[in-house]
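What you see below is based on every heavy atom in this structure, not just the backbone, and it leaves out hydrogens, waters and symmetry mates. Naming convention: chains lettered A, B, ... in sequence-line order (proteins, then strands); numbering from 1 in each chain.
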2 protein chains.
Amino acid sequence: MKIGRRLIVEESLASVQARRIATEAGCAVGSIYNVFEDLDDLVIALNTVTLTELGQALTKAHDDSRTEPTAARLMALAEAYFHFAGNNRKLWRAIFEHHLPEGASAPPEYRDDQNKLFALVEDCLVGDLPDNVERRSAARALFASVHGIVSLALDRKLGEFEPEETHRQIEFLVGCAARGLSEK
Amino acid sequence: MKIGRRLIVEESLASVQARRIATEAGCAVGSIYNVFEDLDDLVIALNTVTLTELGQALTKAHDDSRTEPTAARLMALAEAYFHFAGNNRKLWRAIFEHHLPEGASAPPEYRDDQNKLFALVEDCLVGDLPDNVERRSAARALFASVHGIVSLALDRKLGEFEPEETHRQIEFLVGCAARGLSEK
DNA sequence: AACATAAATGAACAAAGTTCATTTTTTATG
DNA sequence: CATAAAAAATGAACTTTGTTCATTTATGTT
């Protein structure tokens with residue numbers, strides 16, 4: 001039984017339904033429940049793959065920019081995030097569209113992947129924010145900010161989605177932040 | 001038939017189900033479909049109320065800060081947003097948890113409410129960014145950034161939710177942005 | 001009162017998640 | 001290889017939820 005993300009890519013998270021996944025995988029509905037606790041569990045497994053890929057993309061941007069100044073590095077990460085989201089829209093959307101029921105929380109593996117992303121931003125800030133606590137906080141703030149811009153843009157909550165416009169917004173934000181940072 | 005947001009407030013968007021709404025409103029299931037196209041339509045109606053309330057809270061912050069410098073005004077708006085989200089968690093979450101199916105788009109009334117929020121931020125930037133296009137873009141970027149921070153924080157995607165920490169992140173971001181803005 | 005129109009109703013259907021007794025396949029043992 | 005035990009796969013059946021619509025009830029008009 002091989003579970004793929006085709007249904008998310010070609011349709012959306014809403015298409016990840018027990019019977020369709022089963023057909024797709026060439027097995028019976030019940031088999032899914034032998035492997036996964038429930039559909040939430042399966043969706044998390046699929047999203048973990050995407051999260052890992054996102055991590056790889058950001059890691060590349062992080063590594064490739066290692067000799068550049070902070071502002072450029074932050075911009076490289078933000079751009080990489082935006083491009084990944086834009087090129088893998090449905091997959092990326094699935095990550096944030098999926099909500100665990102009330103009490104439940106994601107497995108450690110999933111959280112680790114998340115924290116790796118933050119760590120990349122943190123690393124770019126080592127020179128500017130020597131204090132660990134402060135750096136940790138700032139990195140998360142920056143990550144969340146860029147995420148917010150990309151997220152609302154792709155959801156078309158900021159108007160029609162225009163990559164150029166979103167790019168400008170990211171540049172504006174990261175630019176301001178970098179400038180604000182250097183004169184702290 | 002009176003549809004309220006009690007189910008969202010006390011439980012979550014997931015509890016907005018045809019039969020429960022009907023019981024709540026003291027009517028038959030079918031009656032809901034005489035008033036609303038479908039449940040999406042009903043959810044949008046409920047979210048519009050919340051969006052209006054959010055608009056009122058931000059408008060107050062905007063008006064109360066009218067004599068202050070840009071940085072303080074942006075901070076006042078961001079704080080108001082954070083407080084509203086924190087004090088109306090389920091209602092606020094419902095706004096962003098709800099996704100229309102593929103092609104569908106929200107009614108004009110809903111979009112107007114959204115645009116009113118952006119307009120408040122834009123207004124704070126009139127002095128610093130005289131260019132209309134640039135100002136429009138920057139306002140949306142800032143709004144989305146603060147939204148991103150609040151959103152991931154309340155979703156506990158940045159670690160455990162600690163209001164103090166989120167507050168610091170907002171201060172960091174808006175502080176950087178304001179500083180970066182003034183020396184443009 | 002008689003009729004027409006509008007509103008409300010809830011049984012019935014469809015779609016989707018989940019369960020689990022049964023069947024099939026695999027592995028282990030003599 | 002035969003046989004039994006264990007593991008994996010199966011899909012019919014059940015549950016829950018959105019939605020429809022023929023029927024009933026309420027309201028307004030002449």
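Between B:E53 and B:R5 there is a salt bridge, since a side-chain N of the basic residue sits under 4.0 Å from a carboxylate O of the acidic one.
Across all strands shown, B:V16 has heavy atoms under 4.0 Å from sugar-phosphate atoms exclusively, and none from any base.
Nucleotide D:dG18 holds its C1' atom 7 Å from the CZ atom of B:R19, rounded to whole Å. Atom CG of A:N34 and atom P of C:dG17 are 17 Å apart (whole Å). Atoms CD1 (A:I32) and P (C:dT19) sit 13 Å apart, rounded to a whole Å. For B:L13 and D:dG18, the CG to P distance is 11 Å, given to the nearest whole Å. Between the P atom of C:dA8 and the CE atom of B:M1 lies a distance of 7 Å, rounded to the nearest Å. D:dG18 atom P lies 15 Å from atom CD of A:Q17, rounded to whole Å. Distance NE2 (A:H98) to P (C:dG17): 11 Å, rounded to an integer number of Å. Rounded to whole angstrom, the span from the CZ atom of B:R20 across to the P atom of D:dG18 amounts to 11 Å.
Comparing the end axes of the helix from C:dA1-D:dT30 to C:dG30-D:dC1, each fitted to five base pairs by superposing C1' atoms of four pairs onto the next four, gives an inter-axis angle of 10° (nearest 10 degrees).
Between B:Y33 and D:dT20 there is no side-chain N or O to OP1 or OP2 distance below 4.0 Å.
Comparing atom distances between the A:S31 side chain and each of D:dA9, D:dT19, D:dG11 picks out D:dA9 as nearest. Here the side chain of A:V29 is nearest to one of D:dG18, C:dG17, D:dG11, namely D:dG11.
Looking only at atom types and distance, the side chain of A:E79 has a donor-acceptor partner in the side chain of A:H167 under 3.5 Å away. A side-chain donor from one of A:E165 and B:S137 sits under 3.5 Å from a side-chain acceptor of the other.
Just one of B:R93, B:R20, B:R89 meets the salt bridge (charged side-chain N to carboxylate O under 4.0 Å, His left out) condition when paired with B:E11; it is B:R20. Results of the ring pair (Phe, Tyr, Trp, His ring centres under 6.0 Å) test with B:H147 over B:F84, B:W92, B:F118 single out B:W92 as the only residue that passes.
Contact detail for A:E134 and A:D131: the closest heavy-atom pair is N-OD2, 2.9 Å.
Counting only heavy atoms from C-beta outward, the side chains of A:L54 and A:Y81 approach each other to under 4.5 Å.
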